[in-house]
Amino acid sequence: MAEATKRVTDIGPPHYEKFLPEIIKKNYGTWKYHEVLKPGVMVHVGESGDKLFTVRAAGARLMSIYRIREIADLADKYSGGHLRFTSRHNIEFLLTDSANIEPLIAGLKEIGHPIGGIGNSISSIVHTQGWIHCHSAATDASGVVKAVMDEVFPHFEKMDLPGKLRIALACCLNMCGAVHCSDIAILGVHTRPPKTDFATVNKVCEIPNVVASCPTAAIRPVTADGNRTVEVIEEQCMFCANCFTVCPAMPMNDPDTDGISIWVGGKVSNARTEPQFSKLAIPFLPNNPPRWPEVTSAVSNLVELWAANARPFERMGEWIDRITWPRFFKMAGLEFHPEHIDDFKHAGLTYKRSMHLVR
Amino acid sequence: MAEATKRVTDIGPPHYEKFLPEIIKKNYGTWKYHEVLKPGVMVHVGESGDKLFTVRAAGARLMSIYRIREIADLADKYSGGHLRFTSRHNIEFLLTDSANIEPLIAGLKEIGHPIGGIGNSISSIVHTQGWIHCHSAATDASGVVKAVMDEVFPHFEKMDLPGKLRIALACCLNMCGAVHCSDIAILGVHTRPPKTDFATVNKVCEIPNVVASCPTAAIRPVTADGNRTVEVIEEQCMFCANCFTVCPAMPMNDPDTDGISIWVGGKVSNARTEPQFSKLAIPFLPNNPPRWPEVTSAVSNLVELWAANARPFERMGEWIDRITWPRFFKMAGLEFHPEHIDDFKHAGLTYKRSMHLVR
Amino acid sequence: MAELPATPLLDDLEKGPWPSFVTEIKNAALHKDSCKDLLGQLERSYREKIGHWKHGGIVGVLGYGGGVIGRYSDLPKEFPGIAHFHTLRINQPSGWFYTSKALRDICDLWEEHGSGLTNMHGSTGDIILLGTTTDELEPTFKALTDVGFDIGGSGSDVRTPSCCVGPARCEWACYDTLKVCYQLTMDYQDEIHRPMFPYKFKFKMSGCPNDCVASIARSDMSIIGTWRDDIQQDDAAVKEYADKGLNIQRDVVGNCPGQCMEWDGEKLTIDNDLCRRCMHCINAMPKALAPGKDRGATILLGSKAPIVEGALLSSVLIPFLKIDNEEDFKDLQALVEEIWEVWGEEGKNRERVGEFIQRVGMANFLEAIGLEPVAEMVAHPRENPYVFYNQGDDEEEDK
Amino acid sequence: MAELPATPLLDDLEKGPWPSFVTEIKNAALHKDSCKDLLGQLERSYREKIGHWKHGGIVGVLGYGGGVIGRYSDLPKEFPGIAHFHTLRINQPSGWFYTSKALRDICDLWEEHGSGLTNMHGSTGDIILLGTTTDELEPTFKALTDVGFDIGGSGSDVRTPSCCVGPARCEWACYDTLKVCYQLTMDYQDEIHRPMFPYKFKFKMSGCPNDCVASIARSDMSIIGTWRDDIQQDDAAVKEYADKGLNIQRDVVGNCPGQCMEWDGEKLTIDNDLCRRCMHCINAMPKALAPGKDRGATILLGSKAPIVEGALLSSVLIPFLKIDNEEDFKDLQALVEEIWEVWGEEGKNRERVGEFIQRVGMANFLEAIGLEPVAEMVAHPRENPYVFYNQGDDEEEDK
Ligand code: SRM
Ligand code: SRM
Ligand code: SRM
Ligand code: SRM
Ligand code: SF4
Ligand code: SF4
Ligand code: SF4
Ligand code: SF4
Ligand code: SF4
Ligand code: SF4
Ligand code: SF4
Ligand code: SF4
């Protein structure tokens, strides 16, 4: 008994093999090809001839244990208890018996989890904590995601797009959703400098760290009322909130001037073109909970514009690169502002250094 | 008479119209198309139906007035005295009578000026002063150019290349030949820090200017033997000679360690692809006058490799971009050195940020 | 248990086809006071358009330096249930494979010790147990290890590695992503649990250049599968795709970045010497084409989000590495540890390894870790002539 | 006149098919002592692998601040003929057009006043009169103006503008390069002759995007012709090219950066909305295709060689400008002068306008010169989220 209470540490995660269904163990590394059978359903065929059916359901990501148990029930019923989650937080049931596909889909529907996201569709939005859990958030995460997914939902359920479309959201410039390489990125932004609590800085933060945290050297140490504190040169601040990350006395959040920027044309895969960062499309849209109508309509317009104009396989950024950015701005009805022109380190390389212009 | 000696200034160059042949005045701005008739000869046809024949002869660039007079004689004889020079320093005779073409060519041959350089060929090498006239030169200009052109000469006379090939030479990093966007660039380089004349710096130069001139902040003001002078932090010096440009007391020239680097893949035109900078192929080749055999053979190898492998219209850089740089290094038998990896301001953007690798 | 707070704004988000996180919180709120307060505070955030969390504090479990994110409401009086509302990051299994049993184990312990809310998963890949009090951290940890799970990374440590489904279900996996992910995770337990680096260090493994875990954008070390022999090609199957209407010329050949394919209407010819292994043609015709048989991985280094010095993508460090056996794996680890040593010693506080390389320069970094430069490491050689010629190397250069 | 010095190394460069500069110097040396000494010093440079010129001094003609490059041998005792050996830069006529008479005028005066050596031309475009003494500068200048020529730029002034052959002989010229070159040269005589800027400022004019004077790489202001209506197309002539063996699909359509062409074996279709005006298809089929009729120029700014802050290419400032009449020309000049004012005031010593823009940022520069930003100015919008939101502009941004 005494032994049993010994503190166990550093055991790491369970070995994945424990969770693999038999068919995967058998065909591990020897899958031959796959086919998408219909939206949300695909089959992988092994060299052995074995067939593994995958049904992909929308993940809510933020899920209660009660929901997870319902999902576990469905897995027990239709996939021998075997399931996995995807890198975009969807749920995949791993079936060996194709007869179980339709009943599983019905079961999922019942608990409110539509299937889709496979092939040329919109998958779940990779996102972050927002007002649910993070002190840094310039906008909510889950709420914006829910609103946008409701809006573009037909493209999750159907495979009616030229290629894959990946949306991601981060609620501040820390970019926990790593939105920087997404077809469409939704990014929470502050647009005002920190409201420094001059009296506290010295008490709760290391002043040299605070000064060093600023990418544009906008923070300088000063002495005010005999206190060592810091001052922000406001013209030099671009609202990244990195000072706030290292020092609570530099809060950034503001109900009126926080909002959302929209970025487009990034990608991660190496298919056809190299991975790319997303680029600024819309510098600022206001926070309008609960449905962020400006954001949902902006995203939806971008999706439809791309869907209507891109060639097969062409991701958002590939399409824009072909038609050129000025034309994209025109077609999307977006205005070009000084904010669109880069002014960070490598800005000079983004100036148009050729005559390749469309009319 | 008194009037006549009044000093005339700011008259600018003569008006170009004075020098245009009648056929050009008549067809000015209304040329319809052109055709290359054979190497070094082309015809421009006006909407009027008029035909203007151009014979392009190799320019020596460095020419004596005695040579220029011979050329003027040929122009008088065959082109009504009308000729021009090109942006790459070749000589173009402007003929209206096609019967004069062959006699002109014969006359040019007689005085040692071959014709060519039109179409898919190698044209003259844009270059600079070298040891003929400049204090800065890390190599000669005219001599290297002569040696290289003798070597690649068949490609000047024939049009047997996939596309145009532009070679340029600059004898130091000031790059007066603006070699930075050439298919093949030959660049004189110093590879050792300035040999500061500590005692003189203060007398012949403004120390703050000298310190400011260094792109890598390798120069700092010091006091030695009571003199204000400067010191070079040698590990920080990349031998650009900008300090020497502003201060004669910082000489760079060195017979043993000066030499030549070879750069490839730049272009200026917007045809197909955007203008591009040339990239480092060979960091260092020695100065071996009078024929610079290492340089001529390096250039010639690069030309032949490209000629044998590029597709029609493909410039050197376009070809390399297609086959990728690692493969180019392999095919050209070039070694990859740390020097090839950029380490200036935007170096990070040159790292390979994708999986697009050939084997 | 009292009734749920009025949440008119949030209620709107229960409508629509997409699964609703509000419904989830409400479900949990039926059992948990903390979730009721979370609902209340969130509704207030929606009304006021501002978050209500304080800057995180340092909390954790005994002996670990990471894996728990401390979080406190800035309205503790109003919402006492979330006065403390810390998150635990639980190391997921490789490839996010579970059994219903494993999920239930986690649900059960979280029902007992926390809010009952989770993220499946966090964007680094962990199971996120969302919200508990400081007191419950140790008991949660105990319950976790009892069912065979452990805490993941946070802070300046190795973050929980993650990998694509790989050979478990994908025909294109060029190495065993699940195994490499598991092995690194197990071998670096100490580095995961006890922050000792200048900043965080993330690993992500993708089985092929499609990069389904976005490793090239989101991990300090990206391990991405590739091959070096010829693409496996089944001509009959190619023809079948054509017959079924795939426009091979325009949509496959025309999109090939190597410009190395030819299609004459009958036969597809690939110049494999110029193939860039981009995956496009294979993606387009999975039954007809497949990666070659001589498979391995490319190791890339340095990606990250923008803070502080700007976002980076990983760049090539080792163009091709076999990771088939123990020995290969040791090579990989030796490399990793060499990198950690150099970065650990010379990296500045809060400087990711990618930023470190940007600062010191790739050539210097390579020298420090003892790796020879190869042309594959750069998109193109330098354009500027500011070359630091090595003054000792004359003879070599002159050759 | 004594015999020529022994030049065994240089003699080798009289062999071979390419015109020999050594022969040229020798020819001149038959008449000019300075050239004999030049030969001698150059042979010595070839032997010693080092130049023998001293750092330039400031010499010039009365009232001008530029146009003469002072040069002194570092072996004046040995080579007294080139103890002084200054260069004059003579402003060439637009498009480098001459008559034999004009060339002879220059030859004659240079025979009288200088070494008899020239560069036809210097790489900025001037006629280079290579080598004379300080005493001869004024007389040379007098003789020059007598035959209608003038000195060009050097130092921190407007450098001698140059232009492609343009409408004089090229069917693709989209504006009158010779005229614009001439007019700017004449209007800015003061700026050419009297350095008053932070550093040099170069103009180059090309009639179309082929950019035959390399203006995008070599001039602070690059004026490059283009058009905005449809490419002029003669279908019969296209067919002829195809019949004669041009592979239109692979070599024309396949190389179109706009991917906006289609060729069905009979008819070429161009989607002119997506045409990037790169010139390739026109270059490939000059009899069949031509730039449209609504022609003008793009104004680009900032190119230069690497010293000091790294080489730059010019970037787009005005996507499309008509330069047909006096009024258009005044617009262009107003722009130029606005730029000079801002750069002149805020540019640092030895900072080219391109470097200045790199330093202050394009958006700030545009604001300073009073130009609205347009999407054509960038290759792509920013990637990094470090946006200096304009704090006064909320309403506008919210729209
Ligand atoms: C399940 C999952 C891996 C995992 O371990 O979880 C996965 C699985 C597959 N991916 Fe993926 N990808 C998964 C995330 C990704 C990501 C990462 C991301 O989205 O953050 C990418 C990079 C996206 C990007 O470039 O921004 C990704 C880029 C691809 C591509 C390249 C698409 C392209 O044209 O750029 C393919 C090939 C294709 O679809 O033809 C692909 C193909 C596939 C295949 C067909 C591979 C196979 O043979 O099994 C799998 C099903 C395809 C499908 O969903 O249409 N997978 N795939 C991920 C599912 C996420 C989801 O729920 O939607
Ligand atoms: C005479 C000259 C202009 C002048 O005012 O002096 C000129 C004249 C013509 N150029 Fe050029 N180009 C001239 C320098 C250039 C330069 C500048 C340079 O080399 O420094 C370039 C940019 C080179 C680069 O990109 O690095 C240039 C890029 C072109 C191109 C684009 C080639 C390409 O594929 O990239 C064309 C189109 C073509 O050749 O098909 C072109 C086409 C032409 C045409 C056909 C235009 C015409 O219709 O008359 C002329 C004769 C072509 C020929 O030489 O094959 N011209 N041309 C210059 C001759 C230089 C010489 O002696 O060789
Ligand atoms: C929970 C999670 C978001 C989510 O909802 O999924 C998250 C949440 C936080 N991240 Fe993150 N990051 C999360 C994945 C990421 C990712 C994505 C990834 O790993 O693929 C990134 C971008 C990739 C990268 O690493 O660059 C990311 C880049 C950051 C940064 C940016 C600085 C950096 O360069 O590392 C910060 C700021 C910092 O470290 O000071 C940050 C900081 C934070 C903190 C700890 C806030 C802070 O400043 O202290 C957030 C705690 C929120 C909370 O209260 O729970 N988080 N963070 C993700 C971790 C879950 C998990 O373990 O699975
Ligand atoms: C004569 C000429 C080279 C030639 O043989 O053709 C030349 C010769 C010199 N250049 Fe140049 N440059 C010449 C065209 C160029 C060009 C090409 C161009 O204009 O298209 C460039 C690159 C483009 C550019 O402007 O960036 C060029 C970039 C430089 C630089 C680089 C610094 C800069 O960014 O401007 C310097 C150094 C300096 O200015 O301090 C320089 C300095 C010099 C000096 C004055 C040397 C010095 O440091 O004082 C050279 C005098 C040599 C001599 O003794 O005669 N020269 N110089 C060219 C002028 C002839 C003419 O007027 O036609
Ligand atoms: S993106 Fe910012 S606000 Fe959102 S979870 Fe990450 S650190 Fe918090
Ligand atoms: S928000 Fe960013 S830019 Fe502004 S002061 Fe803080 S660290 Fe500096
Ligand atoms: S490139 Fe250098 S050495 Fe050559 S002429 Fe120009 S300044 Fe002189
Ligand atoms: S040569 Fe260049 S890098 Fe070296 S000290 Fe002089 S200015 Fe600085
Ligand atoms: S990264 Fe490649 S191997 Fe892994 S799941 Fe995606 S397609 Fe399959
Ligand atoms: S993998 Fe990519 S580069 Fe290779 S042949 Fe296929 S499409 Fe071309
Ligand atoms: S730049 Fe254009 S217009 Fe000028 S000569 Fe060249 S091809 Fe003709
Ligand atoms: S000019 Fe260039 S972009 Fe336009 S159609 Fe022709 S090839 Fe295409």
Side-chain angles (χ1 to χ4, degrees), chain A residues 8-14 16 19-20 24 28-29 31-33 44 58 60-69 72 75-76 81 84-85 87 112-113 126 131 135 137 142-143 146 149-150 153 174-178 180-181 215 242 248 253 255 268-272 275 287 289-290 312-313, chain C residues 9 12-13 16-19 21 24 27-28 45-46 48-51 53 55 91 93-94 96-100 103-104 107 110-111 116-120 123 145 148 150 167-169 171 178 185-186 189 209-214 216-218 251 255 278-280 283 286-287 305 307-308 311:
Chain A
V8 178
T9 67
D10 299 286
I11 58 168
Y16 53 94
F19 302 141
L20 301 180
I24 285 189
Y28 198 88
W31 297 104
K32 198 163 160 28
Y33 67 88
H44 284 78
R61 201 178 93 112
L62 196 170
M63 289 195 288
S64 69
I65 54 174
Y66 313 102
R67 171 66 45 134
I68 297 175
R69 285 173 181 152
D76 282 338
R84 71 180 290 270
F85 292 81
S87 64
H113 281 264
V126 167
W131 294 333
H135 63 296
S142 315
K146 162 77 173 143
M149 283 310 293
D150 279 348
F153 183 72
N174 282 338
M175 283 204 192
C176 296
H180 55 301
C181 294
N242 198 38
N253 295 346
V268 164
S269 85
N270 288 274
R272 300 169 305 284
N287 273 330
F313 293 104
Chain C
L9 289 171
D12 192 61
L13 291 174
W18 196 250
F21 71 103
E24 294 303 297
N27 280 346
S45 286
Y46 269 53
E48 296 174 355
K49 304 183 189 183
I50 195 163
W53 299 106
H55 209 279
N91 198 140
S94 274
W96 299 287
F97 279 95
Y98 296 92
T99 53
S100 50
L103 288 180
R104 285 208 183 86
C107 290
W110 195 232
E111 183 158 42
L117 291 179
T118 73
N119 286 147
M120 296 299 279
S123 82
T145 51
D150 196 352
R169 200 197 51 197
E171 66 269 36
L178 291 86
T185 306
M186 295 309 287
Q189 282 294 300
N210 280 331
D211 198 1
C212 293
V213 290
I216 204 168
R218 293 166 66 174
D251 293 335
N255 275 319
C278 83
M279 290 297 296
H280 172 65
N283 293 342
K287 284 189 190 173
I307 303 293
V308 185

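Naming: A, B, ... by sequence-line order, numbering from 1 per chain. Side-chain atoms are counted along with the backbone in the values below, which use heavy atoms only and exclude waters and symmetry mates.
Only the side chain of A:Tyr66 comes within contact range of chain C, judged by heavy atoms closer than 4.5 Å. Interface remark: A:Phe85 contributes backbone and side-chain atoms alike to the contact with chain C (heavy atom separation under 4.5 Å). For C:Asn283, the part sitting under 4.5 Å from any heavy atom of chain A is the side chain, from C-beta outward, and nothing else. In this structure, chain A has heavy atoms under 4.5 Å from both the backbone and the side chain of C:Ser94.
For the set A:Pro248, A:Cys176, A:Ala137, the count of heavy-atom pairs under 4.5 angstrom toward chain C peaks at A:Pro248. In terms of heavy-atom pairs under 4.5 Å with chain C, the best-connected choice from A:Gly177, A:Pro215, A:Ala271, A:Ala75 is A:Ala271. With chain A as the partner, the residue from C:Ser45, C:Cys107, C:Pro93, C:Gly51 showing the most heavy-atom pairs under 4.5 Å is C:Cys107. Between chain A and the residues C:Cys212, C:Pro17, C:Ala214, C:Ala311, the largest count of heavy-atom pairs under 4.5 Å involves C:Pro17. With chain A as partner, the option from C:Asp12, C:Asn210, C:Leu103, C:Leu117 having the largest number of non-hydrogen pairs under 4.5 angstrom is C:Asp12. Per-residue heavy-atom pair counts under 4.5 Å with chain A were compared for C:Glu48, C:His280, C:His55, C:Lys49, and the maximum is reached by C:His55. If you tally non-hydrogen atom pairs under 4.5 Å between each of A:Thr9, A:Asn253, A:Val126 and chain C, the highest count goes to A:Thr9. Note: A:Asp10 leads A:Asp10, A:Ile24, A:Ile65 in heavy-atom pairs under 4.5 Å with chain C. Heavy-atom pairs under 4.5 Å with chain C peak, among A:Leu20, A:Asn242, A:Asn287, at A:Asn242.
Atoms OG and CG, on A:Ser269 and C:Asp211 in that order, are 8.0 Å from each other to the nearest 0.5 Å. Atoms CD and OH, from C:Glu171 and A:Tyr33 in turn, are 10.0 Å apart once rounded to the nearest 0.5 Å. A:Met149 contributes atom CE, which lies 3.5 Å from atom CH2 of C:Trp18 (distance to the nearest 0.5 angstrom). Note: A:Arg67 CZ to C:Asn27 CG = 6.5 Å, rounded to the nearest 0.5 Å.
Considering all non-hydrogen atoms of both residues, C:Cys278 and A:Arg272 come closest at SG-N, 3.4 Å. Pairing each heavy atom of C:Met120 with each of A:Ile68, the nearest pair is CG-CD1, 3.9 Å. Of all heavy-atom pairs between C:Thr145 and A:Val8, the closest is CG2-O, 3.6 Å. The two residues A:Met175 and C:Ala305 have their closest heavy-atom pair at CB-CB, 3.8 Å. Closest approach of C:Ala217 to A:Cys181, counting heavy atoms only: CB-SG, 3.7 Å.
Between the side chain of C:Ser100 and the backbone N or O of A:Asp76 there is no donor-acceptor pair closer than 3.5 Å.
At a threshold of 4.5 Å between non-hydrogen side-chain atoms, the residues A:Arg69 and C:Glu111 count as touching. For the pair C:Arg169/A:Arg84, a side-chain contact is recorded, criterion being any heavy-atom separation below 4.5 Å from C-beta on. Side-chain contact check for C:Thr118 versus A:Ser64: every heavy-atom pair is 4.5 Å or farther apart. The shortest side-chain heavy-atom distance between A:Pro13 and C:Met186 falls under the 4.5 Å cut-off. Inter-residue side-chain proximity for A:Trp131 and C:Ile50 is flagged as unmet; no heavy-atom pair is nearer than 4.5 Å. Within the 4.5 Å cutoff, the side chain of A:Ser87 has heavy atoms near those of the C:Trp96 side chain.
For A:Arg61 and C:Glu24, the salt-bridge test fails: no basic side-chain N is under 4.0 Å from an acidic carboxylate O.
Between A:Phe19 and C:Tyr98, the ring planes lie parallel to each other; the angle is under 30°, not in the 30° to 60° tilted range.
By the side-chain hydrogen bond (donor to acceptor under 3.5 Å, both in side chains) test, A:Asn270 is found to be paired with no residue, residues two or more places apart in sequence or in another chain being considered.
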Where do A:Lys146 and C:Phe21 land on the side-chain contact (heavy atoms from CB on, under 4.5 Å) test, with the steps shown first?
CA-CA 8 Å; A:Lys146 162 77 173 143; C:Phe21 71 103; 4.2 Å; yes
